[in-house]
There are 2 protein chains.
Amino acid sequence: MDKIKDILVNKGISPSYHRMKILEYLVKNNNHPTADSIYRVLAPQIPTLSKTTIYNTLKTFVSKGIISSFAGLNQELHYDYKFEPHVHFFCRKCQRIFDLAEPFDCFKDKSIEGHLVLSHQINLEGICHNCLQDEGE
Amino acid sequence: MDKIKDILVNKGISPSYHRMKILEYLVKNNNHPTADSIYRVLAPQIPTLSKTTIYNTLKTFVSKGIISSFAGLNQELHYDYKFEPHVHFFCRKCQRIFDLAEPFDCFKDKSIEGHLVLSHQINLEGICHNCLQDEGE
DNA sequence: TTACATTTTTGTAATGATTACAAATTTATA
DNA sequence: TATAAATTTGTAATCATTACAAAAATGTAA
Ligand SMILES: [Mn+2]
Ligand SMILES: [Mn+2]
Ligand SMILES: [Zn+2]
Ligand SMILES: [Zn+2]
């Protein structure tokens, strides 16, 4: 994908093969992966891939503002290519993380009680609709 | 403090000395401590105190609903005695965590897009008012 | 009080995610 | 090609947290 390469070049990151594959995974799969879950998917395809490369690459992407990261229920870092601020829902049963389309502008104003707000994160926790159905049976 | 003891007894936790001291610290200091920061304060006063006891105790308190916990910027768990849902502000400079009095009822409704919402967490990130002043000099 | 069971606490070792670091490999450049 | 720079790898270290078994404290019955 040339779109992937462009994203990297535009941010001043040279588009190595590994970096492109990792970013491609993030762009195509909106599943809030961890470093380890990316590794489990990509390692079979790229036999020489090292987990350190994944950590390094993700850190670079975050610092350049290509992706964002957040702590999951288990203190493991999850990564997200989607950049519009959006709400995350954590399911306590299946541990999956859902994006909510919920429109959200409570913090449009960027200064609250004297603090300068640069970013925000809204996390909901509960039982997802799939797990609710399973319970019903 | 007898108030501390009552909190424990009401939740079915026997009020041992260590548990009371740890809960007292949480109730009196609204500073979102970590297990380690509690240890650094209490260990000098209670020479035999073990860090494992702190971890065990905090875990018990969370599971019994006496305190809540959340991941900080550095993936370390912070603990909070305050129970009304409230907004947290993380300062990127001084790493401190502030409670915001911001009234907040966007998620009063407990079912969103089919998911059952049991709890929520709003985290803001930026530069706190103290650090903003320091920058101004 | 003593003897025994239960609870609490301790200390050390294990775990698991992440990072540091130096060597090896690849890529770019002259 | 030769050399320098960038990238990747593999291993070891770090750090928060947990597991676990022994030690200490507490409760209870005789
Ligand atoms: Mn998302
Ligand atoms: Mn708080
Ligand atoms: Zn679920
Ligand atoms: Zn600050």
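Just so we're on the same page: letters track the sequence lines, and every chain starts at 1.
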Engineer: Can you see if the side chain of S16(A) gets near the phosphate of dA6(D) - specifically, an N or O under 4.0 Å from OP1 or OP2?
Structural biologist: no
Engineer: Between A35(A) and R19(B), which is nearer to the 5' end of DNA chain C once each is assigned its nearest nucleotide?
Structural biologist: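 By nearest-heavy-atom nucleotide position, the 5'-most residue is R19(B).
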Engineer: What integer distance in Å separates I22(A):CD1 from dT7(D):P?
Structural biologist: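 Result: 13 Å.
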Engineer: Distance criterion of 3.5 Å, no angle test: do you see the side chain of S14(A) paired donor-to-acceptor with the base of dT7(D)?
Structural biologist: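 Counting by modelled atom types and ignoring angles, no donor-acceptor contact under 3.5 Å is found here.
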Engineer: Would you mind reading off the distance between I46(B) atom CD1 and dG11(C) atom P, rounded to a whole angstrom?
Structural biologist: 13 Å
Engineer: Would you classify K51(A) as touching base, sugar-phosphate or nothing, given that sugar-phosphate means primed atoms plus P, OP1 and OP2, and contacts are heavy atoms under 4.0 Å?
Structural biologist: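 The answer is nothing, as K51(A) stays clear of every strand by at least 4.0 Å.
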Engineer: State, to 0.1 Å, how close V9(B) and P15(B) come at their nearest heavy-atom pair, and which atoms those are.
Structural biologist: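 Result for this residue pair: CG2-CG, 4.0 Å.
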Engineer: How close do S16(A) and R19(A) get, counting heavy atoms only, and between which atoms?
Structural biologist: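 So the two residues come closest at OG-CG, 3.1 Å.
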Engineer: T52(A) side chain: which of dC21(C), dT17(D), dT8(C) is closest?
Structural biologist: dC21(C)
Engineer: Let's see if you can work this out: which of dT10(C), dG10(D), dT17(D) has an atom nearest to the side-chain heavy atoms of E76(B)?
Structural biologist: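 Of all the options, the side chain of E76(B) is nearest to dT17(D).
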Engineer: Nearest whole Å is fine: how far is dA17(C) P from Q75(A) CD?
Structural biologist: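 Answer to the nearest Å: 11 Å.
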Engineer: Can you see if the side chain of Y55(A) gets near the phosphate of dT18(C) - specifically, an N or O under 4.0 Å from OP1 or OP2?
Structural biologist: yes
Engineer: N74(A) CG to dA17(C) C1': how many Å, rounded?
Structural biologist: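 That distance rounds to 10 Å.
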Engineer: Atom CG of L42(B) and atom C1' of dT10(C): how far apart are they, to the nearest Å?
Structural biologist: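 That distance rounds to 16 Å.
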Engineer: Please classify the nucleic acid contact of N56(B) as base, sugar-phosphate, or nothing, using heavy-atom distances under 4.0 Å.
Structural biologist: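 Touches a base.
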Engineer: Minimum heavy-atom separation for F98(B) to C91(B), with atom names?
Structural biologist: CE1-CB, 4.3 Å
Engineer: Kindly state whether the ring of H32(A) and the ring of H88(A) have centres lying under 6.0 angstrom apart.
Structural biologist: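 Yes.
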Engineer: How close or far is atom C1' of dT26(D) from atom CE of M20(B), stated in whole angstroms?
Structural biologist: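 Between C1' of dT26(D) and CE of M20(B): 16 Å.
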Engineer: If you take all heavy atoms of E113(B) and D99(A), which pair is closest and at what distance?
Structural biologist: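 Heavy-atom minimum between the residues: OE1-O, 4.3 Å.
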Engineer: With a 4.0 Å limit, can you tell me whether H18(A) has a side-chain N or O closer than that to the phosphate oxygens OP1/OP2 of dT9(D)?
Structural biologist: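 Indeed, a polar side-chain atom of H18(A) lies that close.
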Engineer: Regarding T48(A), tell me which of base, sugar-phosphate or nothing describes its non-hydrogen contacts under 4.0 Å with the strands shown.
Structural biologist: sugar-phosphate
Engineer: Roughly how many Å is it from CG in D36(B) to P in dC15(D), rounded to a whole number?
Structural biologist: 11 Å
Engineer: Rounding to an integer number of Å, can you tell me how far I54(B) CD1 sits from dT18(D) P?
Structural biologist: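 Those two atoms, CD1 and P, are 14 Å apart.
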